[in-house]
Amino acid sequence: MNLSYRTQANAQAIAAIYNKPLDKPEWFKVIAAKNADEPSEILLFDYIGWPYNDPRDLIHALADMGDVTVRINSPGGDVFDGASIFNALTSHQGNVTTRIEGLAASIASVIAMAGKKVQAYDNTLLMVHNSWTFMMGNQYEMRDTADLLEKIDGTILDAYQKKTKMGKKEISEMMKATTWMTAKEAKDKGFVDTIVDGKSVKADFNLSIFANLPDNINNDSQGRELTRKETERALRNAGASREYAR
C-alpha cells in the first residue's frame, strides 16, 4: 500500500496540531512478569504510530511474552500502525487483557478491543469516531481518499461489532457522531467487560482536534489549544494554499 500521506510536511502538521514534538522516543514500556503465574505488562501511554514511532518495536517485544496486560492511556494515532498492534494482540498465543487507565480514543479504542478481557477504571473514557486524514488534491484524488476512508471505517466497525455484538447501524452512527463514553457507558454497550477499582492515570493529551468533547474534559489540562495563526501555519506547512489555510 502506498502511504502517500506520510510526508515530512504532514508529520510537522500533526506535531503542530497535537502540540507534541516529533523527537519524543518513548511511547510504550514493557514490565516483565515477576514469575510464570503473572502476566507481563505493556504500558501504551502515548500517540500510536507514524510520525512518532514504529509499532514493530512493540510487536517484537510482544512475541517474547506469555500472558500480557496492555494498559492504555492514548489519544489514538495512525490507523494502519494501530491496526498492526490490534492484529498482533488478537493473534497472540497468551491471554491478553486490555485495561483503559486514562483514555482510549480513536485507534486506541480499537486496540482495547483486542483483549480477551477488556477492563476500565471507572473514571476513564473511551471514544469512537470515523477515520480522518490530511488530504490535498484534485476531485479524483479526493474521491479515492474518501473511498479508502470508508473501507477503513468498515474494518474499525467490524472490530467494535465483534466485541460488543451491537448492530452495525448503531455502531456506525456512534462513529459518525464521535461518541465519548464513560467506563459505565462503555460497559453497558459491551465495549468493556469489567470496571475495576483504583486510581487511573491522567489523560494528558491535547484533545481539541476531536469533536464533541465531554464537558468534564478541560482542554487547558489536556494541552494548549493552537492559536489561529499556528493552525494556519501548520496547514501551510502541509502544503495548503494561503486561502485554504485561512
Side-chain angles (χ1 to χ4, degrees), residues 3 5-6 10-11 13-22 24 26-28 42-55 57-59 70-90 98-115 118 120 124-135 148-149 151-160 163 171-172 174-183 186 191-192 200-214 217 219 221-223 225-226 234:
L3 301 179
Y5 66 91
R6 294 188 174 187
N10 280 349
I14 290 172
I17 287 174
Y18 276 96
N19 192 31
K20 172 182 166 61
L22 289 170
K24 185 177 180 182
E26 185 175 349
W27 65 286
F28 77 96
I42 295 176
L43 279 66
L44 187 54
F45 276 20
D46 210 331
Y47 185 97
I48 296 166
W50 185 88
Y52 292 103
N53 46 69
D54 190 325
D57 298 333
L58 187 153
I59 293 170
V70 183
R71 300 164 55 185
I72 300 171
N73 179 31
S74 171
D78 185 88
V79 67
F80 297 113
D81 288 341
S84 68
I85 295 173
F86 171 85
N87 291 331
L89 291 172
T90 55
T98 53
R99 182 189 302 149
I100 303 169
E101 299 203 355
L103 173 69
S106 193
I107 197 63
S109 69
V110 178
I111 291 174
M113 299 301 100
V118 181
T124 58
L125 290 172
L126 183 146
M127 184 271 273
V128 302
H129 71 151
N130 284 332
S131 57
W132 53 270
T133 188
F134 294 98
M135 174 62 189
L148 176 59
L149 290 175
K151 292 178 181 178
I152 292 171
D153 290 341
T155 63
I156 292 172
L157 191 154
D158 287 343
Y160 294 143
K163 172 61 184 174
I171 297 174
S172 178
M174 292 176 65
M175 292 171 61
K176 183 178 179 180
T178 304
T179 300
W180 298 79
M181 290 172 276
T182 64
F191 289 90
V192 168
S200 67
V201 295
K202 179 182 177 183
D204 190 17
F205 306 109
N206 181 359
L207 305 177
S208 60
I209 61 171
F210 296 125
N212 301 330
L213 281 173
I217 291 184
N219 276 328
S221 68
Q222 305 301 330
E225 186 171 354
L226 294 181

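Residues take their numbers from the sequence shown, with the count starting at 1. Everything numeric in this text was worked out from a predicted model, so none of it was measured.
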Atom [atom1] in [X], atom [atom2] in [Y]: separation rounded to 0.5 Å?
X      : Y      : atom1 : atom2 : answer
Leu157 : Ser131 : CG    : OG    : 11.0 Å
Leu103 : Ser109 : CG    : OG    : 9.0 Å
Ile111 : Ile72  : CD1   : CD1   : 6.5 Å
Thr98  : Ile42  : OG1   : CD1   : 11.5 Å
Arg99  : Leu43  : CZ    : CG    : 9.5 Å
Phe45  : Arg71  : CZ    : CZ    : 5.0 Å

Could you check if a side-chain atom of [X] sits within less than 4.5 angstrom of a side-chain atom of [Y], using non-hydrogen atoms only?
X      : Y      : result
Met181 : Val192 : no
Pro51  : Leu22  : yes
Thr178 : Met127 : yes
Val79  : Ile156 : yes
Asp78  : Ile48  : no
Leu58  : Trp27  : yes
Met113 : Leu126 : yes
Asp57  : Asn53  : no

Quiz item: For the residue pair Gly77 and Ile107, what are the closest heavy atoms and their distance?
Solution: N-CG2, 3.3 Å
Just by distance, do the side chain of [X] and the backbone of [Y] share a donor-acceptor pair under 3.5 Å?
X      : Y      : result
Thr90  : Phe86  : yes
Asn10  : Arg6   : no
Ser106 : Gly76  : no
Asn130 : Asp153 : no

Self-check item: His129-Thr179 side chain donor-acceptor pair, cut-off 3.5 Å
Solution: no
Quiz item: Looking only at side chains, do Tyr47 and Asp81 share a donor and an acceptor under 3.5 Å apart?
Solution: no
Quiz item: What about the rings of Phe80 and Trp50, do their centers lie closer together than 6.0 Å?
Solution: no
Quiz prompt | Cationic tip of Lys163 above Phe191 ring, under 6.0 Å, 45° of axis | solution = no
Quiz item: So does Asp46 pair up with Lys20, basic N to acidic O under 4.0 Å?
Solution: yes
